[in-house]
S.K.: 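One structure, as structure tokens, below. Some questions next.
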Amino acid sequence: MTERKEIIETGWNFDNSYARLPKSFFTNQNPTPVHSPKLVVLNHPLAKSLGLNPQAIESSDGVEIFAGNQIPKGALPLAQAYAGHQFGHFTILGDGRAVLLGEQITSSGERVDIQLKGSGRTPYSRRGDGRASLGPMLREYIISEAMNALGIPTTRSLAVVTTGESIIRQTEEIGAILTRVAASYLRVGTFQYISNWGTVEELRALADYALERHFPQVVPDENKYLSLLKEVIKGQAILISKWQLVGFIHGVMNTDNMTISGETIDYGPCAFMDTYDPATVFSSIDIHGRYAYGNQPKIGAWNLARFAESLLPLIHVNKDQAVKLAQDAIADFNTLYYNNWLDGMREKLGIFNKEPQDKSLIQDLLNMMEKHGADYTNTFRELTFDNLDDMSLFGTTEFTQWHEMWQARLDRQKETKDSSYKLMGNRNPAIIPRNHRVEEAIEAAVKKGDYSVMQRLLNVLSCPYAYSPEQADYATLPPPSTSPYRTFCGT
Ligand code: AMP
Ligand code: MG
């Protein structure tokens, strides 16, 4: 009777399939209680879609759950073990400051992982304090929700609470916990961990689990582990092409930060590119530009090769055969990625069909943007508005020539110009989370406890293709600065 009441009141409805996997995959771990939690952001639409009752989860009892002070009925908190290549170097990791509460089964039967980030130390914390600071948690909230609205697969942000405790970083900062939602928190690094330190049976259990959760369409009489590899390759090819198309730079594409589900995960030093330049890097720790904008597809392939290596014992009993099959699958990544990107670029230019010259038409535009230091998002935005006055790029002779070629290209397809511009409006965001706007929102929240700036930003970012008048303000570039924009890992 009590259990039923709980489900009706809050809507939390947990299952714990991960906790039923072999014990070496995780450590049972409760969050560490915090002093005086306060809910500062709650994602109402997401809560509703998960079958949660916003009033109940917003209440003081509900907030205790987001703070880790109470464990919701049915949850079995655990910290997941994983490994990963960090900037190319293999190391053992794991949830050092997060716990998986369990899997919420929504009213439509969907299963999603609910994780608290910043919830205290775990056996995988190494020297860390297991905590998170408010600024980076708000940053993850803003960017992940913006990504979702842009139509890019991503983990979601459900709530942020402040803990009432300060944490020590460079200075004393406000402690916070982010509740994140994911198709699952299985990472390439999860496979690397089991492959290196587990048995083949454990690896098979993990692979079967991933197949069942994410790729139930894979039929068992094929080489299903090779199919798993191919599905993950396909998902990442689609994901990274979407990143490139909107100018998103993840910043720390270590193998532990790459999901099996194909969702973007672990928003640390990520940011959106302003001026088009493939060499763009924001992260202060990415000194050699390993994770620069233009390198992301290449790094994606590198990470997937590490995933393939971890699956080799399952792919074929004969190692040489396994390597050959895996290499062939990895070789397809570039084509899959490129075709997705090319199709996306065609749409950004209002092109419905395919012509071989499209590649050079697109590349010429990108080259011009780079040469003239043009803003990536706004170039496409102004082309969508057919407003060719505001940007200096549009005044150049080479652009005028390109524009003629582009218009001629549009004339060669059967669709009307109107439908082309409509397609462009649906593919070219009017706004992205501009770095200075994100910083401004975080600063108001952290320094003044004023969340209204962030709420306004979240509001406009929730409909990036709306082209509404109130968005115009958010499309403007940051004031010129002598020092480049830098992001930090946000631990
Ligand atoms: P990230 O850079 O957030 O992807 O984290 C890399 C690794 O460091 C993961 O194993 C995290 O769990 C761990 N980590 C990050 N911050 C902390 C922290 N404050 N305390 C303990 N572990 C942490
Ligand atoms: Mg990570």
Side-chain angles (χ1 to χ4, degrees), residues 17-18 20-26 80-94 124 184-240 253-262 265 290-291 295-339:
S17 63
Y18 200 83
R20 295 192 284 273
L21 287 170
K23 288 280 169 259
S24 56
F25 290 19
F26 60 90
Q80 291 174 306
Y82 53 86
H85 276 89
Q86 298 199 306
F87 288 90
H89 302 286
F90 190 59
T91 177
I92 197 161
L93 295 157
Y124 313 107
S184 87
Y185 284 99
L186 293 177
R187 304 154 189 267
V188 166
T190 319
F191 279 83
Q192 291 182 293
Y193 178 82
I194 302 300
S195 178
N196 267 273
W197 289 285
T199 63
V200 175
E201 284 65 43
E202 286 175 334
L203 184 62
R204 197 183 311 278
L206 182 63
D208 285 339
Y209 182 79
L211 277 163
E212 198 182 321
R213 269 195 85 164
H214 300 302
F215 312 107
Q217 74 278 14
V218 168
V219 285
D221 54 351
E222 291 167 7
N223 183 339
K224 60 178 177 172
Y225 304 112
L226 182 61
S227 302
L228 171 63
L229 173 61
K230 288 181 179 172
E231 291 291 342
V232 175
I233 289 170
K234 196 163 79 187
Q236 287 295 334
I238 293 171
L239 179 67
I240 298 173
M253 284 178 74
N254 296 331
T255 55
D256 50 302
N257 294 336
M258 181 181 260
T259 58
I260 300 305
S261 67
I265 194 179
R290 178 181 169 93
Y291 299 137
N295 280 351
Q296 294 190 127
K298 200 174 76 191
I299 290 292
W302 191 89
N303 288 352
L304 289 162
R306 307 288 81 72
F307 179 52
E309 280 165 8
S310 73
L311 286 178
L312 286 179
L314 302 182
I315 289 177
H316 205 283
V317 282
N318 177 304
K319 184 143 188 235
D320 292 342
Q321 280 283 335
V323 170
K324 170 86 179 64
L325 290 166
Q327 274 172 345
D328 289 350
I330 295 288
D332 286 342
F333 173 84
N334 287 341
T335 317
L336 280 168
Y337 160 75
Y338 188 72
N339 288 342

S.K.: If I compare all heavy atoms of Ala308 with all of Ala326, which pair ends up nearest, and what's the gap?
M.R.: CB-CB, 4.0 Å

S.K.: Checking Phe90 now: which residues fulfil ring-ring contact (aromatic ring centres under 6.0 Å, His included) with it, not counting sequence neighbours?
M.R.: His85, Trp197

S.K.: Measuring from atom CG of Leu312 to atom CG of Asn318, what distance do you get when rounded to the nearest 0.5 angstrom?
M.R.: 11.0 Å

S.K.: Tell me if the CD atom of Gln321 is crowded by more than 12 foreign heavy atoms within 6.0 Å.
M.R.: yes

S.K.: If I take atom CD1 from residue Ile194 and atom CG from residue Leu311, how far apart are they, to the nearest 0.5 angstrom?
M.R.: 12.0 Å

S.K.: Do Tyr124 and Ile92 come within less than 4.5 Å of each other through their side chains, counting heavy atoms only?
M.R.: no

S.K.: Hey, does Asn334 have a side-chain heavy atom less than 4.5 Å from the side chain of Tyr337?
M.R.: no

S.K.: Does some side-chain heavy atom of Asn257 sit less than 4.5 Å from a side-chain heavy atom of Asn303?
M.R.: no

S.K.: Identify the heavy atoms of Ala207 and Leu314 that sit nearest to each other, and give their distance.
M.R.: CB-CD1, 3.6 Å

S.K.: Are the side chains of Ile260 and Arg213 in contact, using a 4.5 Å heavy-atom criterion?
M.R.: no

S.K.: Keeping the roles fixed (side chain from Gln327, backbone from Ala305), state whether a donor-acceptor pair exists under 3.5 Å.
M.R.: no

S.K.: So, for Met258 and Ile265, which heavy atoms are closest and what is the spacing to 0.1 Å?
M.R.: N-CG2, 4.2 Å

S.K.: Tell me, do Arg204 and Thr199 make a side-chain contact under 4.5 Å, heavy atoms counted?
M.R.: no

S.K.: Check Ser24 against Ala81 and note the closest heavy-atom contact, atom names and distance.
M.R.: O-CB, 4.1 Å

S.K.: With side chains defined as the heavy atoms from C-beta onward, is the minimum distance between Val218 and Leu228 less than 4.5 Å?
M.R.: no

S.K.: How many angstroms lie between CG in Leu304 and CD1 in Ile240, if you round to the nearest 0.5 Å?
M.R.: 6.5 Å

S.K.: Mind checking whether Phe307 and Phe191 have parallel, tilted or perpendicular rings, split at 30° and 60°?
M.R.: perpendicular

S.K.: How long is the gap from CG on Leu336 to CD1 on Ile233, to the nearest 0.5 Å?
M.R.: 8.0 Å

S.K.: Return the set of residues passing side chain to side chain donor-acceptor pair (under 3.5 Å) with Glu222 (not counting sequence neighbours), or none when no residue passes.
M.R.: Ser227

S.K.: Tyr82: which residues meet the ring-ring contact (aromatic ring centres under 6.0 Å, His included) condition with it, sequence neighbours left out?
M.R.: none

S.K.: Salt bridge (charged side-chain N to carboxylate O under 4.0 Å, His left out) with Arg290: which residues, sequence neighbours excluded?
M.R.: none

S.K.: Given side chains that start at C-beta, do those of Phe25 and Tyr193 come closer than 4.5 Å, heavy atoms only?
M.R.: no

S.K.: If you measure from CE on Met253 to CD on Gln296, what distance do you get to the nearest 0.5 Å?
M.R.: 5.5 Å

S.K.: Can you find a pair of side-chain heavy atoms, one from Thr190 and one from Gln80, that are under 4.5 Å apart?
M.R.: no

S.K.: Could you give me the CA-CA distance, side-chain angles and deciding distance for Gln236 and Thr259, then say whether side chain to side chain contact (heavy atoms under 4.5 Å, CB included) is met?
M.R.: CA-CA 8 Å; Gln236 287 295 334; Thr259 58; 3.9 Å; yes

S.K.: In chain order, what residues pass the side chain to side chain donor-acceptor pair (under 3.5 Å) check against Tyr225, with sequence neighbours excluded?
M.R.: Asp208

S.K.: Considering non-hydrogen atoms only, spot the tightest contact between Ser261 and His214 and give its length.
M.R.: CB-CE1, 3.7 Å

S.K.: Which residues satisfy the salt bridge (charged side-chain N to carboxylate O under 4.0 Å, His left out) test with Glu231, sequence neighbours excluded?
M.R.: Lys234

S.K.: Could you give me the CA-CA distance, side-chain angles and deciding distance for Tyr18 and Leu21, then say whether side chain to side chain contact (heavy atoms under 4.5 Å, CB included) is met?
M.R.: CA-CA 5 Å; Tyr18 200 83; Leu21 287 170; 3.6 Å; yes

S.K.: If I take atom CD from residue Gln192 and atom OG1 from residue Thr255, how far apart are they, to the nearest 0.5 angstrom?
M.R.: 3.5 Å

S.K.: At their closest point, which heavy atom of Gly84 faces which heavy atom of Asp256, and how far apart are they?
M.R.: CA-OD1, 4.0 Å

